[in-house]
Structures are given as C-alpha cells and as structure tokens.
Amino acid sequence: FRRAHALAVTAGDRALRATAAGWLATGSFNASDVPAMAAHLHDALSHAAPDNHSAQARLGLVLADAFRFADDDEQAQRWYLHARQHASAEGDSSMISVLLYNISAVRSGRIGLDDAFGRADLDLAAKALIEADSTANYDQGTGMTALTTMGQVIRAQLMVVLARYADAIALFDAHLVRARSQGTGHREARFLADRAWCHFNLEKVSNALRDARAAEAALPSQFDADDRAATHARLARIYLECGQASDAAIHQAKAEDALAEHQASQQLMLKALQQTLAQRGAAG
C-alpha cells in the first residue's frame, strides 16, 4: 500500500492516492498508531472525490471504527452509514460484510469488557447477539465466508455475557484453533479466559483452571489494552472464586491498569479524529 501510494503521488493519480491512503489508515488503526492513522485519513479525505466509492467506503469504515473505539457512537454511526452507502454504490458486498463484522466485533468487545468487570448489560448483549446472527445470515446469503470463524467467536463472547455457558464453550471449542490460524493469536488469551469463566460457572473447576493458565501463558501476545483489561479481570474473578486470593489480586491490579490505559487511548483517538475532521473542514 505504501508503494501504491508513492506511485499515485508521483503520477498525480488522486483516485489511487485516496484509496491507498484509506488502506494505510486501516493498517495504522489496526496497529494502534494514531498519528499515522490521522495523517493517512487526512490524505484520503483530501483526495477522495465524491464518486470515488472505494476510497469513500474505506475511509468511512476507518473513521467509523475509530469513533466506535473512542466511544463516540453518534459519529461512528454516521460514518458507518457513509461507508455502507458508498460500498453499495460500488456493489461491494465484501466491504459490507466487513462493515457489519466490525460493528459486531467492536460492540461485543465492549460488552465483554464491561462484563469482565462485573458490569454486564444483558439487554445490550441480547441485541448484539441478534445483530451478530444477522451478520452471519448476510454472509451466508452473499456467499461470503472469510469472516465466518471470527463471527462465531463473537457469538461465543456474547453468549458468555448471557450466561449461555455451554453454548459458548461449544463455539470456542469449534472455532478457536481456526481463528488463531486466521490472525487472531494476539487475542487468544481473552478468548481462553472467557472459556475458563464458562467452565467455572458450569462447576468444571479443573477445566477452568486449565484454561486460566493457558490464558496467562498467552498474555504476552496481547497488545490491545482493552483485551488485556478484560483478560486480567476474568482471571481475577476466577482465581478469587477458586480461593487463590494472591493471584486474583495481581490480576485485578493489572486489569485496572490496562483499563486506565484503554480509556486514555480512547481520549487520544477522539482528539485525533476531531482534529482530522476539523482540518478537512478548514480546507473546504
């Protein structure tokens, strides 16, 4: 994408430049590189013509995901709609699939994080599960299969919140190995901690402790603060309930630290997005 962007700049190809910049913004967002993401978004916004649907859909999706991460749902919804309209105009069903998946993934992650800290919103979780099922139905109807595995893991996470523990375990067992092979190894600790919580609530303590230890072993691979916060919080509750107070205290302290880091990242993201859009407005 960097090479494509450089060639587009040299050739004066605004359409290609905007599309490449949108993809670079996606990569920077996924890498949690907020300054680079903001710079690439500004570039994409400055060069994407209104009828450059691929670029408009891509930059809209990045903005939507970033605003959702920053906990600004109103702006996120605006940009999700922007992305969907341009993807539809392009006839890009794969982009719509990714959009629906991202909405579901970010929402389930937030709900699961709250639940790990004992602040579950069951009504919100039930609605999110319906949305996840709807996304799966869309993919089935359009023949899209690339995100099927992670869609099932999202459903499992929501089932944990809804206390459908046996159903969640079945989905984790069926899909975790494949999810790892599809690039989610950095999140495996969180999924294992969720499954451990399910086993504990089904009174399968040995299985719960096995998954808890596996989650601890996978923790060094995590790089997102919200995932670390959720994982440590789950482990803290499991160890506390199993009478391992010292381990529980260690994980609870790490959970609180990671949560504070996540909240600081949200504020940094929101400020960067607001500045980027303000620069766009000042440029006309």
Side-chain angles (χ1 to χ4, degrees), residues 23 26-27 29-32 57-58 61-62 64-65 68-69 80 83-84 87 92-113 115-116 124-199 202 207 210-212 214-215 217-224 226-228 230-231 234:
W23 277 103
T26 297
F29 172 74
N30 289 336
S32 300
R58 173 56 50 183
L61 181 59
V62 179
D65 287 341
R68 177 61 60 84
F69 171 85
Y80 278 130
R84 182 160 191 165
D92 190 348
S93 58
S94 63
M95 170 61 85
I96 295 175
S97 175
V98 170
L99 185 152
L100 294 173
Y101 164 77
N102 285 11
I103 292 173
S104 186
V106 176
R107 182 169 293 152
S108 69
R110 182 191 299 174
I111 292 169
L113 177 61
D115 184 59
L124 191 60
K127 292 176 182 177
L129 183 56
I130 292 172
E131 290 178 355
D133 290 340
S134 177
T135 298
N137 291 336
Y138 175 85
D139 284 349
Q140 184 176 9
T142 57
M144 303 297 300
T145 61
L147 297 173
T148 298
T149 296
M150 277 310 302
Q152 295 303 314
V153 173
I154 288 171
R155 295 181 68 243
Q157 288 186 292
L158 292 168
M159 288 176 182
V160 175
V161 178
L162 294 169
R164 294 174 54 180
Y165 301 121
D167 292 335
I169 289 172
L171 286 176
F172 281 133
D173 288 349
H175 297 285
L176 274 189
V177 172
R178 185 171 178 81
R180 185 191 313 133
S181 72
Q182 293 181 349
T184 63
H186 64 286
R187 302 196 68 208
E188 188 167 12
R190 181 168 181 175
F191 303 146
L192 290 169
D194 281 342
R195 190 170 68 179
W197 182 242
C198 293
H199 281 306
L202 293 175
N207 289 349
R210 178 202 65 204
D211 273 349
L219 272 166
S221 297
Q222 286 188 323
F223 53 77
D224 289 326
D226 57 335
D227 281 338
R228 286 188 281 110
T231 301
R234 287 276 190 225

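This one's a predicted model, so the numbers in the text were calculated from it and none came from an experiment. Along the sequence shown, residues carry numbers from 1.
Considering CG of Leu192 and CZ of Arg234, their distance stands at 13.0 Å, rounded to 0.5 Å. Here the CD atom belonging to Gln157 is positioned 10.5 Å from the CG atom belonging to Leu113, to the nearest 0.5 angstrom.
Ion pairing between a basic and an acidic side chain is recognised when a charged N comes within 4.0 Å of a carboxylate O; Arg155 and Asp167 show no such pairing.
Across all non-hydrogen atoms, the minimal contact from Ala196 to Ala212 is CB-N, 3.8 Å. Scanning all heavy atoms of the two residues, the minimum distance from Ile154 to Ser108 falls at CG2-OG, 3.5 Å. In plain terms, the two heavy atoms of Gly109 and Arg190 that are nearest each other are O-NH2, 2.7 Å. The minimum heavy-atom distance between Phe223 and Asn30, with the atom names listed, is CE1-O, 4.2 Å. The two residues Val160 and Ala168 come nearest to each other via the heavy atoms CG2-CB, 3.8 Å. Counting all heavy atoms, side chain and backbone alike, Leu158 lies closest to Ala125 at CD2-O, 4.2 Å.
When atom types are taken as modelled, the side chain of Arg107 and the backbone of Ala132 share no donor-acceptor pair closer than 3.5 angstrom.
Counting heavy atoms from C-beta outward, Leu176 and Arg195 have side chains that approach closer than 4.5 Å.
In this model, a donor atom of one side chain and an acceptor atom of the other lie less than 3.5 Å apart for Thr231 and Gln222.
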- Message: Leu99 vs Tyr80, test: side chain to side chain contact (heavy atoms under 4.5 Å, CB included). Steps then yes/no.
- Response: CA-CA 7 Å; Leu99 185 152; Tyr80 278 130; 3.9 Å; yes
